[in-house]
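For reference, the structure discussed in these notes is given below.
None of the values given here were measured: they were computed from a predicted structure.
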Amino acid sequence: MTLPQDFSAQLLEWYDRTATALPWRGSRDPYRIWLSEIMLQQTRITAVEPYYAHFLERFPTVQALAAAPLNEVLKVWEGLGYYARARNLHRLAQTLVNEHHGQFPATAEALQQLPGIGRYTAAALASIAFDEHAAVLDGNVIRVLARLTDLPEDITQPATQAQLWQWAEALLPAERPGAYNQALMDLGRTICTPRRPACQACPLAAHCLAQQHGTTAQRPVKKAKAPLPQVRAVGAVVRDEMERVLLVQRPPKGLLGGLWTLPGGLCEADESLPDGLRRNVRADLGLEIEVAGQMAVAAQTLTHMRLTLRAFACEILAGNPRALGVAAYNWVTLTEAQHFSLGKADRVIIEKLRHWQPRLFEEFE
């Protein structure tokens, strides 16, 4: 890729005039920058901003985050989705406190040795917090580079990604690398958007081969995603003599790791919903249950599936709860359940049960 020498200057001049005011902008605190980068993964800025402020209010330092119970971290994160990010934040905070005196390494190479930090996050953190000469490559930057070069290759292919990294590194200026990286990401987010890019407002329009060739809408090239599979899940609404509902905490790893849910799980393709519910509850808690009518339903889209959760009124026929396939269990009122870290679908179900509790519970007596 060959661009004029004043390419980066043009981009930085545009950024200095138009940069969006964001809560994490202007900070050189690596903890705050790291937190923003993790929250922004696969999540829009408008969704992140209130969570960012609330998270920092509760965990203002990496030491505070490391000292907090994982349950509390997950609860503060609740609703932002992709909960593995919260678990990784907590784990890395503890690593930094226990092994690095609570300090972030100042280079991208050293940062990549930490758990949960990849090449992009390491470069963003090192360049913005420590002024290291490290290039970034995220979805926004890929789109800008693919259009600037009118790149015809599939950007999901390893060879193409390697080429994009080479271009990103070659274009990175010696001065203000952190500001330049943010400018490139801002350009992709606000001007060089996936659909209907504002080419007339782009500071790099004169250099864009895709615009010159009329291929902007076709760049970047990437393989179409396969449709997400539809997956059925079931949850048991089990009450004790005090009208409390049974919740279970999922193991730290795996689907909904560390979150609290109704007892249950996924159903096999050839399995009825009641059979799947009985099987999951037996394996996780050692209980034999009777499954009555459906009480509520909720849907949730995860990275690799579209999940539909159906909750059924259930009664224990034999056994006492034991944490066999789950991390823990607890009997709670529906009001208390709101204070547990719940997945999106379970939170919807609990709210429906709480709102309609008298009618629903009487219906299946």
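Here the side chains of Glu268 and Arg279 are in contact, with some heavy-atom distance below 4.5 Å. Met305 places none of its side-chain heavy atoms less than 4.5 Å from the side chain of Leu228. Between Trp34 and Ile117 the shortest side-chain heavy-atom distance falls below 4.5 Å. Trp165 has its side chain out of reach of Thr160: every pair of non-hydrogen atoms, C-beta onward, lies at least 4.5 Å apart. Annotation: side chain of Leu56 is in contact with side chain of Tyr31 (closest heavy-atom distance under 4.5 Å). Within the 4.5 Å cutoff, the side chain of Pro152 has heavy atoms near those of the Arg219 side chain. In this structure, the side chains of Leu11 and Cys202 stay at 4.5 Å or more apart for every pair of heavy atoms.
For Arg250 and Asp284, the salt-bridge test passes: some basic side-chain N is under 4.0 Å from an acidic carboxylate O. Under the 4.0 Å criterion applied to side-chain N and carboxylate O atoms, Arg28 and Asp131 are assigned as salt-bridge partners. Salt bridge present: Arg347 and Glu78 bring a charged side-chain N and a carboxylate O closer than 4.0 Å.
Nearest heavy-atom pair, Arg91 versus Pro115, reported as atom, atom and distance to 0.1 Å: NH1-CB, 3.4 Å. When all heavy atoms of Leu342 and Tyr83 are compared, the closest pair comes out as O-OH, 3.4 Å. Pairing each heavy atom of Leu114 with each of Thr95, the nearest pair is CD2-CG2, 4.4 Å.
When the shell of 6.0 Å around CZ of Arg44 is examined, it contains 12 or fewer heavy atoms from other residues, nucleotides or ligands. Environment of NE2 in His101: sparse, with no more than 12 heavy atoms of neighbouring residues, nucleotides or ligands closer than 6.0 Å. Summarising the local packing, CD of Gln63 is surrounded by more than 12 heavy atoms from other residues, nucleotides or ligands at distances under 6.0 Å.
Checked by atom type and distance alone, the side chain of His54 never pairs as donor or acceptor with a backbone atom of Val76 at under 3.5 Å. The backbone N or O of Ala233 sits nowhere less than 3.5 Å from a side-chain atom of Arg310 that would complete a donor-acceptor pair. Under a 3.5 Å cut-off, the side chain of Gln161 and the backbone N or O of Ile155 do form a donor-acceptor pair.
Qualifying salt bridge (charged side-chain N to carboxylate O under 4.0 Å, His left out) partners for Glu169, counting only residues two or more places apart in sequence or in other chains: Arg119. Looking at residues two or more places apart in sequence or on another chain, you find a salt bridge (charged side-chain N to carboxylate O under 4.0 Å, His left out) between Arg25 and Asp186.
Under 3.5 Å, the side chains of Asn140 and Arg143 contain a donor-acceptor pair of N or O atoms. Between Asn71 and Gln249, the side chains place a donor N or O and an acceptor N or O closer than 3.5 Å (distance only, hydrogens not considered). Between the side chains of Asp29 and Ser27, not a single donor N or O lies within less than 3.5 Å of an accepting N or O. Side-chain polar atoms of Asn181 and Ser127 form a donor-acceptor pair below 3.5 angstrom. A donor-acceptor contact closer than 3.5 angstrom links the side chains of Arg85 and Thr43.
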- Could you walk me through whether Asp346 and Thr261 pass the side-chain hydrogen bond (donor to acceptor under 3.5 Å, both in side chains) check? CA-CA 6 Å; Asp346 283 271; Thr261 69; 4.6 Å; no
- Message: Run the side-chain hydrogen bond (donor to acceptor under 3.5 Å, both in side chains) test on Thr301 and Arg306 for me, step by step, so that the C-alpha distance in whole Å, both residues' side-chain angles and the decisive distance to 0.1 Å come before the verdict.
- Response: CA-CA 4 Å; Thr301 300; Arg306 296 187 187 279; 3.2 Å; yes
- Item | Glu72/Lys75 under salt bridge (charged side-chain N to carboxylate O under 4.0 Å, His left out): CA gap, chis, key distance, verdict | CA-CA 5 Å; Glu72 187 172 349; Lys75 182 59 183 176; over 6 Å; no
- CA sep, side-chain torsions, deciding dist, call: Tyr120, Glu37, side-chain hydrogen bond (donor to acceptor under 3.5 Å, both in side chains): CA-CA 9 Å; Tyr120 161 77; Glu37 290 295 338; 2.7 Å; yes
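Between Tyr52 and Trp24, the distance separating the two ring centers is shorter than 6.0 angstrom. Residues Phe55 and Tyr51 place their aromatic rings such that the two centres sit no closer than 6.0 Å.
The side-chain contact (heavy atoms from CB on, under 4.5 Å) with Met185 is formed by just one residue from the set Leu137, Thr190, Val144, Asp138; it is Asp138.
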